[in-house]
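Heads up, the thing below is written out as structure tokens.
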Amino acid sequence: MFATLPTIIPFAEIKNSEAIPMSEISKEYDFKQVEERWVDTWDESIYYFDWNSDGPQYIIDTPPPYPTGNFHIGNALNWCYIDFVARYKRMRGYNVMFPQGWDCHGLPTEVKVEEIHKITKNEVPREEFRRLCEELTAQNIAKMRVTMRRLGFSNDWSNEYVTMLPDYYSKTQRSFVRMFEKGMIYREDHPVNWCPRCGTAIAFAEVEYDSRTTALNYLRFGSNLGDLEIATSRPELLAACVAVAVHPEDEKHGKYIGTEVQVPVFDYNVPVIADEVVDPTFGTGVVMICTFGDKQDVRWWVEHDLPLRQAIDRAGRMTEIAGKFAGMTIPECKEAIIEEMRSLGIIYKQESLDQNVGLCWRCKTAIEILSERQWFVKINPSEIIETSTEIEWVPEHMEIRLKNWTGTMDWDWCISRQRIFATPIPVWYCKKCGEPLVAKEDWLPLDPNLAQPPISCPGCGSDEFDPETDVLDTWMDSSISALNVTGWLSDHPPRYPAQLRPQGHDIIRTWAFYTILRAKALVGVRPWDSILVNGMVLGEDGHKMSKSLNNFIAPEEVVVKYGADAFRQWAAVGGSPGSDVMFRWKDVISGGRFLQKLWSMYRFSAPHAVKSSDAAPNQVDRWLLFELSTMIEAVTDSMDRFQFDEAFRAIRGFAWDVLADNYIELVKSRLYGADGPEKRAAQSTIYTAIEALTSLLAPFTPFIAEEIRQNLSGESVHTSSWPMPSGIPAQPEGSVIKDVAAAVRRYKSDRGMALNSPLAGIEVYSDLDLETIDLSGSTSSPVAVKRGSPKIETRAVEVKPQMKAIGPVFKNLSGEIIRKITSIDPEEVARQLETGKIEIEVGEEVVELGPEAVEIATETLSAGKAVEMIILAGVTVLIRTGS
RNA sequence: GGGCCCGUGGUCUAGUCGGUUAUGACAUCGCCCUUACACGGCGGGGAUCACGCGUUCGAAUCGCGUCGGGCCCA
């Protein structure tokens with residue numbers, strides 16, 4: 001018996017006072033208009049953290065970017081991740097803080113200011129120069145804020161901080177004072193990495209390495225035992241030579257150990273020492289130790305208690321001890337000294353040598369190691385490594401980078417810098433006795449260059465002081481960001497640790513390292529519960545995106561062309577967090593297409609999506625609700641693991657495949673049909689699905705999610721809750737109906753038939769009680785559901801062994817069983833299968849297989865009638881074509 | 001030189017505590033303007049899962065090695 005076709009009511013006659021008619025909704029999604037409108041109208045106070053709330057907190061230690069004026073695509077990727085998390089956690093009921101900070105201090109701004117005003121920093125008063133830097137920084141921050149808003153980030157602007165302002169840098173200064181008082185900060189003469197161009201000390205983290213080719217010079221040192229031949233790549237440091245080293249078991253040079261040799265050109269004696277680190281196969285096997293050619297020299301210097309001979313000054317020029325070379329630059333001296341030694345026959349050989357040299361990461365000048373009186377922070381590697389194990393690293397393996405780095409530092413963190421635009425070190429030196437006077441906490445903030453201490457010198461009572469002109473390393477500012485956002489030294493009770501630190505893997509050795517160090521030193525706890533590490537953004541050529549490689553794309557350019565929601569989809573699906581992500585226009589384009597698809601779905605749904613409570617969902621509705629519930633569960637799980645690609649793919653898959661391509665096609669006839677419980681059930685199901693969909697999309701595509709949700713229900717999606725899975729149980733009927741409808745659609749498509757062309761009849765053979773309303777509606781054909789199997793002859797043509805079932809039971813017999821069962825006649829296997837078991841001989845024994853062990857592929861034997869058969873899992877469909 | 005990550009259709013990618021026919025996007029080909037969407041729908045072609053050896057009944061997945069790439073460091 002065929003079910004009757006539902007009556008079709010013309011669209012124009014459908015009146016629904018609650019819903020928006022489709023015709024009023026534009027066919028094309030206008031992302032520009034929608035996004036710009038929401039940027040202008042959103043009330044950002046809904047993103048504010050509530051300091052007074054007792055609810056569960058979720059504080060994000062946003063890494064404060066350097067205000068260059070351009071919010072680049074790498075920032076944008078990281079901020080997308082942060083925003084996904086922040087919006088998700090808010091919807092889960094957390095009291096979320098997504099603060100925005102600005103890490104202002106630093107050399108690039110000083111350089112830029114010098115460029116803009118055509119001055120050098122020494123030409124204007126210190127205070128004036130600082131003011132110009134602040135002015136430029138403020139302009140740059142303003143520019144970057146615009147981009148961030150346009151990208152839809154839900155920053156908490158009530159918790160913005162700017163490290164160059166007294167509010168913040170007083171905390172930096174207080175952290176300095178506290179750590180000094182705890183004995184964690186000290187000042188002493190110590191080798192430091194020095195950039196001669198910038199004229200400042202720099203930390204290991206600021207040293208970059210590059211391979212260069214240089215000359216290895218072979219020269220002779222005079223000795224009573226006969227000239228000693230040594231090889232060096234740094235002859236310009238000859239005047240700084242304090243010893244010569246050989247390997248203790250070096251047979252050729254062993255006799256020199258303990259004697260003295262004469263340094264050529266400068267004619268003074270240095271000892272020959274034995275040290276196992278010397279590579280006897282490199283050069284001549286003899287190495288000259290200078291203060292300081294490299295880090296190894298520093299180690300030897302300490303170990304063997306050698307004297308200090310400083311041949312290079314702060315400006316990178318040769319000092320007095322270099323004699324007639326004094327005043328030359330390093331390259332000038334190198335050239336002159338080689339020339340001199342050549343003419344004297346001291347250099348007897350030169351060969352080229354590939355080596356890696358340390359460079360200043362800002363200006364790429366080769367760094368020198370100088371002994372300078374500087375401020376240092378003590379590093380306790382084991383404490384940092386221990387603390388990092390308390391932190392959840394995502395992805396896990398990134399923690400190894402921190403551990404590796406932590407073990408490689410040869411000396412403490414040098415925190416003084418010889419610059420202007422930075423946090424002043426709150427210290428004076430007594431003019432009379434020279435003792436340093438470190439400010440007390442309640443004097444702060446201050447600049448010792450502008451203020452005098454309120455007390456006399458505790459040592460000698462003098463009232464005359466010189467200010468400390470050095471300033472603090474910028475990492476001293478930024479490494480307390482985690483403490484700052486959790487309310488340290490604020491009016492609020494502190495809430496550390498923060499829950500999340502999102503950052504790139506390129507700054508693990510700096511930011512993550514220093515922040516852990518400082519949190520432990522200052523408050524004794526880890527700075528964060530979790531750290532989420534994002535990859536670098538690669539250009540479409542596969543290389544790290546940078547202006548110099550000319551593969552650079554600005555986020556603004558993408559937003560203008562495809563919108564923020566499309567851009568954010570690239571961030572979500574471009575790669576899983578931690579891996580590098582290539583920027584690809586086609587990902588953005590496909591994101592834009594999805595927006596259009598969503599818009600079309602909404603445009604269709606608008607007149608039909610109506611909440612109602614009195615209509616029980618039918619089988620197809622329940623199938624959709626089950627798929628929705630399952631998807632919500634999966635997405636929630638993915639979000640909890642920060643797997644945004646997984647989460648977004650699941651949402652998009654549901655929206656596109658399940659809801660649009662299948663469910664909506666199935667229920668159209670009900671929606672266009674006469675009012676009644678069946679229609680209302682479909683309307684209500686669509687409403688539920690779209691409502692949930694907009695919530696799930698809200699963290700990813702906040703603009704279109706808001707637009708649709710506001711139109712649908714008049715409420716903001718961004719104050720709504722994350723959907724909960726309904727937990728509706730799985731029932732096979734709806735899924736089978738969907739499969740049959742899809743099969744019929746394919747059938748028509750294969751034959752070039754219009755998809756709405758009616759068939760004479762469809763018979764569905766199944767043991768399930770299938771409802772026919774949506775099947776007949778979506779196929780435009782009468783449908784009958786029958787029990788059992790159709791009277792059609794079939795023949796087994798292939799036996800497909802099921803490895804999953806056979807393997808675990810028969811173990812190493814499996815191979816033989818598979819070979820056997822696929823070699824016998826499939827018809828025979830099929831006959832046996834009807835008895836419920838299959839017996840086959842394997843070698844000597846007879847093995848019994850259950851029905852789960854095989855699947856039989858069959859072929860229909862045509863009965864010569866106008867009947868087509870489609871066999872699906874659990875159902876057989878017969879189509880009467882009517883011819 | 002060391003550490004970490006990676007190598008899957010033309011391109012990019014999912015899957016990686018072993019188990020039917022390896023996911024998706026973009027590209028490509030064919031058919032279809034079906035009362036939301038042609039920025040759409042249906043279908044097709046296209047991958048010896050870098051290579052070799054091993055463990056196993058069974059390997060993209062586990063182990064070892066080789067080659068190639070990236071990142072961090074020396």
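Numbered from 1 within each chain, the chains take letters A, B, ... in sequence-line order. Keep in mind that this is a model prediction, so the values were computed, not measured.
What separates OH of A/Tyr672 from P of B/rA36 is a distance of 4 Å, to the nearest Å. Put simply, CD1 on A/Ile664 is 15 Å from P on B/rU35, counting in whole angstrom units. Rounded to a whole Å, the CE atom of A/Met601 is 14 Å from the P atom of B/rC37. Between the P atom of B/rU13 and the CD atom of A/Gln569 lies a distance of 19 Å, rounded to the nearest Å. Atom CH2 in A/Trp570 sits roughly 13 Å away from atom P in B/rU13 (whole-Å rounding). A straight line from OH of A/Tyr663 to P of B/rC37 spans 19 Å, rounded to a whole angstrom. The CG atom of A/Asp661 sits 16 Å away from the P atom of B/rC39 (whole-angstrom rounding). Here the C1' atom of nucleotide B/rC42 and the CG atom of A/Asp657 are 13 Å apart, to the nearest Å.
Checked against ring pair (Phe, Tyr, Trp, His ring centres under 6.0 Å), A/Tyr81 has the following partners two or more places apart in sequence or in another chain: A/Phe644. Legend: residues meeting salt bridge (Lys or Arg N to Asp or Glu O under 4.0 Å) with A/Lys403, ordered by chain and number and at least two apart, are A/Glu399. In terms of the salt bridge (Lys or Arg N to Asp or Glu O under 4.0 Å) criterion, A/Asp657 has no residue partners (sequence neighbours excluded). Legend: residues meeting ring pair (Phe, Tyr, Trp, His ring centres under 6.0 Å) with A/Phe703, ordered by chain and number and at least two apart, are A/Trp42. By the side-chain hydrogen bond (donor to acceptor under 3.5 Å, both in side chains) test, A/Asp645 is found to be paired with no residue, residues two or more places apart in sequence or in another chain being considered. Here A/Phe583 pairs with A/Trp570, A/Trp585 under the ring pair (Phe, Tyr, Trp, His ring centres under 6.0 Å) rule; sequence neighbours left out. Residues meeting the salt bridge (Lys or Arg N to Asp or Glu O under 4.0 Å) test with A/Asp621, sequence neighbours left out: A/Arg670. Among residues two or more places apart in sequence or in another chain, the salt bridge (Lys or Arg N to Asp or Glu O under 4.0 Å) test is passed with A/Asp294 by none. For A/Tyr29, the ring pair (Phe, Tyr, Trp, His ring centres under 6.0 Å) partners at least two apart in sequence or on another chain are A/Trp599.
Taking atom P on both nucleotides, B/rG19 is separated from B/rU23 by 14 Å, rounded to a whole Å. Taking the P atoms as reference points, B/rU48 lies 32 Å from B/rG1, given to the whole Å. Going from the C1' atom of B/rA14 to that of B/rA74 covers 36 Å, rounded to whole Å. Nucleotides B/rG9 and B/rG52 have their P atoms positioned 16 Å apart, rounded to a whole Å. Separation of the P atoms belonging to B/rG10 and B/rU28 is 16 Å when rounded to the nearest angstrom. With C1' as the reference atom, B/rU13 and B/rA60 are 14 Å apart, rounded to whole Å. Comparing the same atom, P, in B/rC31 and in B/rC6 gives a spacing of 44 Å after rounding to whole Å. Only the P atoms considered, B/rC67 is 16 Å distant from B/rC51, to the nearest whole Å.
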**Report entry** Watson-Crick or G-U pairs under 3.5 Å in RNA chain B, rendered as dot-bracket with [ ] for crossing pairs and | for another strand
**Finding:** (((((((..(((......[....))).(((((.......))))).....(((((..]....)))))))))))).
Between the protein and nucleotides 1-6 of chain B, are there any N/O to N/O pairs under 3.5 Å, and if so, what are the atom names and distances?
unit_1	atom_1	unit_2	atom_2	d
B/rG3	O2'	A/Asn404	ND2	2.6

What's touching nucleotides 26-28 of chain B from the protein side, N or O pairs under 3.5 Å?
unit_1	atom_1	unit_2	atom_2	d
B/rC26	OP1	A/Arg593	NH1	3.4

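Relative to the six-membered ring of A/Trp511, A/Arg501 meets both conditions, a distance below 6.0 Å and an angle of at most 45° to the axis. Judged by the 6.0 Å and 45° rule, A/Lys561 forms no cation-pi pair with A/Phe31.
Between A/Lys32 and A/Glu35 there is no salt bridge, since none of the side-chain N atoms of the basic residue sits less than 4.0 Å from a carboxylate O of the acidic one.
Two residues, A/Arg652 and A/Arg649, neighbour RNA chain B, and the one matched to the more 5' nucleotide by heavy-atom proximity is A/Arg649. Residue order along RNA chain B, read from the 5' end via each residue's closest nucleotide, puts A/Lys27 first among A/Lys27 and A/Phe594.
Candidate nucleotides B/rC42, B/rG24, B/rA36 were compared by shortest atom distance to the side chain of A/Lys668, and B/rA36 ranks first.
For A/Glu28 against B/rC37, no side-chain N or O and base N or O form a donor-acceptor pair under 3.5 Å. For B/rA36, its base never sits under 3.5 Å from the side chain of A/Gln596 at any donor and acceptor pair.
No engagement by A/Ala742 is indicated, since no non-hydrogen atom pair under 4.0 Å with the nucleic acid exists. Residue contacts shown for A/Lys748 are absent, as no nucleic acid heavy atom lies under 4.0 Å away.
Two rings, from A/His608 and A/Tyr672, have their centers less than 6.0 Å apart.
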